[in-house]
Amino acid sequence: MENSIASAIAKLKEELPSNVKLVAVSKFHPAEAVMEAYSAGQRVFGESRPQELAAKAAVLPADISWHFIGHLQTNKLKLVLPVAAMVESVDSLHLLEAVDRWGRENDRIISVLLEMHIASETTKQGFSSDEILEVASRASCFPNVRICGLMGMATFTDDETVIRKDFAKLVTLRDEIRSEMDKFPGLPDDFGILSFGMTHDYRIAVEMGADIVRIGTLIFGERNY
Ligand SMILES: *Cc1c(COP(=O)(O)O)cnc(C)c1O
C-alpha cells in the first residue's frame, strides 16, 4: 500500500489525454493524503463539504486549485468562495444568485459549472436541460459569475449503455448552446467545459469527450463516511 496514492496519480497521468483535467477528489480523506498526491505533482483537488474544504485549504499549499463539487448551501458560501478556484456544482438559480452577490461584494468573478441532472436517480441534484437553457440565457444578469460549462453524475450502474446515455445529455446540451451562442449573450466565448466521469466510469467519460474527470476512490481508496 505504500505510495499507492502517488502510483495511482502517476498511472492516471499516463492514461488520461493531456487535455483532460484530473480533479483528485479528496473528500473524507485527511490533509496528509492530499499532501501525498500533491508531492506526486497533483494540483487540482475536489471537495464536497464546505467546512472540510476550508480546513484543508488553510493548512495545505496555496498553489492547490480547489474545485467544490458538493451541494452548496448559501449560508456556507463564505467558507467555500474565498478558496475555491471553481464551483462545479451550481444546482439552483438561488445558489447562482447568491454566488453572484458574494462575488460583487468581494470584488471577485467566480468560475462555475452548472450541474445538470442526468442520472435516473431522483436523489441526485441538478438542473434539467430546459432549466439550464433558461439560466444560460440570463447569464448576463450574473456579471460576477463566469459560467464555464456543465457538470453531471451518471446513474450509478454497471450498465455502460445507461452511463453513455446519461453523459450524452451533457454533450448534446453543451453542443446545442455552443451552436447558438448569440442566444446566450452573458456566457463567455469559450463556454463549454464538461465535467463528467468518476472512478467507475471515467474511461467512458474520456472517450465521450469530458474535459474534467473527478476521481476519488481510485486515488485515495474507499472513503470512511
Ligand atoms: C465523490 C464524488 C466524486 C468522486 O467519486 P469516486 O467514485 O470516488 O471517484 C466525483 N464527483 C462528485 C460530484 C462526487 O461527489
Side-chain angles (χ1 to χ4, degrees), residues 21 23-29 31 34 44-60 62 64-119 121-154 169-170 173-174 177 184-188 191-196 198 212 214 216 223 225:
K21 181 183 278 194
V23 175
V25 176
S26 49
K27 64 186 186 195
F28 296 91
H29 293 284
V34 176
V44 188
F45 292 88
E47 288 286 337
S48 62
R49 296 188 300 177
Q51 205 79 50
E52 185 176 347
L53 168 60
K56 282 179 182 159
V59 298
L60 286 161
I64 286 180
S65 173
W66 296 101
H67 284 214
F68 192 80
I69 61 171
H71 182 58
L72 183 53
Q73 287 174 311
T74 53
N75 62 348
K76 299 287 165 60
L77 292 187
K78 56 187 179 300
L79 290 172
V80 170
L81 298 184
V83 292
M86 178 178 273
V87 177
E88 293 199 16
S89 45
V90 170
D91 57 3
S92 73
L93 187 57
H94 176 66
L95 177 58
L96 189 68
E97 286 166 349
V99 172
D100 181 56
R101 192 176 323 119
W102 189 95
R104 190 152 48 252
E105 287 165 5
N106 292 275
D107 199 20
R108 287 263 320 273
I109 294 175
I110 318 292
S111 291
V112 307
L113 303 179
L114 300 179
E115 182 170 358
M116 183 178 176
H117 185 271
I118 57 173
E121 295 104 343
T122 51
T123 47
K124 287 189 172 140
Q125 320 274 350
F127 292 108
S128 69
S129 58
D130 283 347
E131 287 168 339
I132 285 183
L133 290 170
E134 166 73 20
V135 170
S137 71
R138 296 174 51 192
S140 52
C141 303
F142 311 107
N144 287 79
V145 293
R146 182 181 165 79
I147 301 176
C148 303
L150 308 175
M151 178 271 227
M153 275 168 102
K169 295 174 194 164
L170 287 165
L173 185 60
R174 188 268 316 267
I177 293 172
F184 308 97
L187 292 182
F191 170 88
I193 293 176
L194 292 181
S195 173
F196 61 95
M198 307 165 35
I212 296 177
R214 310 174 309 268
R223 289 178 286 272
Y225 287 104

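- Counting only heavy atoms from C-beta outward, the side chains of Val145 and Val87 never approach each other to under 4.5 Å.
- With contacts defined as side-chain heavy-atom distances shorter than 4.5 Å, the pair Ile132/Leu150 qualifies.
- Annotation: side chain of Leu113 is in contact with side chain of Met86 (closest heavy-atom distance under 4.5 Å).
- Asn75 CG: more than 12 foreign heavy atoms inside a 6.0 Å radius.
- Residues Phe127 and Val135 have side chains in contact (heavy-atom distance under 4.5 Å, counting atoms from C-beta outward).
- The CD atom of Gln73 sits 5.0 Å away from the NE2 atom of His71 when rounded to the nearest 0.5 Å.
- Here the shortest heavy-atom pairing between Ala154 and Ala119 reads C-CB, 3.7 Å.
- Nearest approach of Gly186 to Ala139, heavy atoms of both residues: C-CB, 3.6 Å.
- With contacts defined as side-chain heavy-atom distances shorter than 4.5 Å, the pair Arg146/Ile110 does not qualify.
- The closest donor-acceptor contact from the side chain of Ser89 to the backbone of Gly70 lies under 3.5 Å.
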Worksheet entry | side chain to side chain contact (heavy atoms under 4.5 Å, CB included) between Val34 and Ile64, intermediate numbers included | CA-CA 10 Å; Val34 176; Ile64 286 180; 4.1 Å; yes
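- Applying the salt bridge (charged side-chain N to carboxylate O under 4.0 Å, His left out) rule to Lys56 yields the partners Glu47, Glu52; only residues at least two apart in sequence or on another chain are considered.
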Fill in: Working for side chain to side chain contact (heavy atoms under 4.5 Å, CB included), residues Arg138 and Leu93
CA-CA 10 Å; Arg138 296 174 51 192; Leu93 187 57; 3.7 Å; yes
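- When all heavy atoms are compared, the tightest approach of Val59 to Ala31 is CG2-CB, 4.2 Å.
- Between Phe184 and Leu133 there is a side-chain heavy-atom pair separated by less than 4.5 Å.
- Shown here are the side chain to side chain donor-acceptor pair (under 3.5 Å) partners of Glu88, two or more places apart in sequence or in another chain: His67, Ser195.
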Practice prompt. Go through the steps to decide whether Trp102 and Arg108 satisfy the test side chain to side chain contact (heavy atoms under 4.5 Å, CB included), and finish with yes or no.
Written response: CA-CA 8 Å; Trp102 189 95; Arg108 287 263 320 273; 3.9 Å; yes
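- Taking both residues in full, the closest heavy atoms of Val90 and Leu95 are given as CA-CD2, 3.8 Å, listed atom of the first, atom of the second, then distance.
- Counting non-hydrogen atoms of neighbouring residues, nucleotides and ligands closer than 6.0 angstrom, the CD atom of Gln51 reaches no more than 12 such neighbours.
- Listed here is the closest heavy atom pair of Pro50 and Leu79: CB-CD1, 3.9 Å.
- Within the 3.5 Å criterion, the main-chain N or O of His29 finds no donor-acceptor partner in the side chain of Ser26.
- Remark: Met116 CE to Leu194 CG distance equals 10.5 Å, nearest 0.5 Å.
- Between atom CD of residue Glu115 and atom CG of residue Leu72 there is a gap of 11.0 Å, rounded to the nearest 0.5 Å.
- No donor-acceptor distance shorter than 3.5 angstrom exists from the side chain of Asp100 to the backbone of Leu96, with no hydrogens or angles considered.
- Within the 4.5 Å cutoff, the side chain of Asn106 has no heavy atoms near those of the Leu81 side chain.
- Between Lys76 and Arg49 the shortest side-chain heavy-atom distance does not fall below 4.5 Å.
- Atoms CD1 and CZ, on Ile177 and Phe191 in that order, are 4.0 Å from each other to the nearest 0.5 Å.
- The CD1 atom of Ile69 lies 5.5 Å from the OG atom of Ser48; values are rounded to the nearest 0.5 Å.
- A cation-pi arrangement, defined by a distance under 6.0 Å to the six-membered ring centre and an angle within 45 degrees of its axis, is absent between Arg101 and Phe142.
- Interatomic distance, OG of Ser129 versus CD of Glu134, reported as 12.5 Å (0.5 Å rounding).
- Panel note: side chain Arg214, backbone Met198; no donor-acceptor pair is recorded below 3.5 Å.
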Discussion item. I'd like to know whether Arg223 forms a side chain to side chain contact (heavy atoms under 4.5 Å, CB included) with Lys27, so could you lay out the CA-CA distance, the side-chain angles of the two residues, the decisive distance to 0.1 Å, and finally the verdict.
Written reply: CA-CA 8 Å; Arg223 289 178 286 272; Lys27 64 186 186 195; 3.4 Å; yes
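- The shortest heavy-atom contact between Ser137 and Pro185 is O-CD, 4.5 Å.
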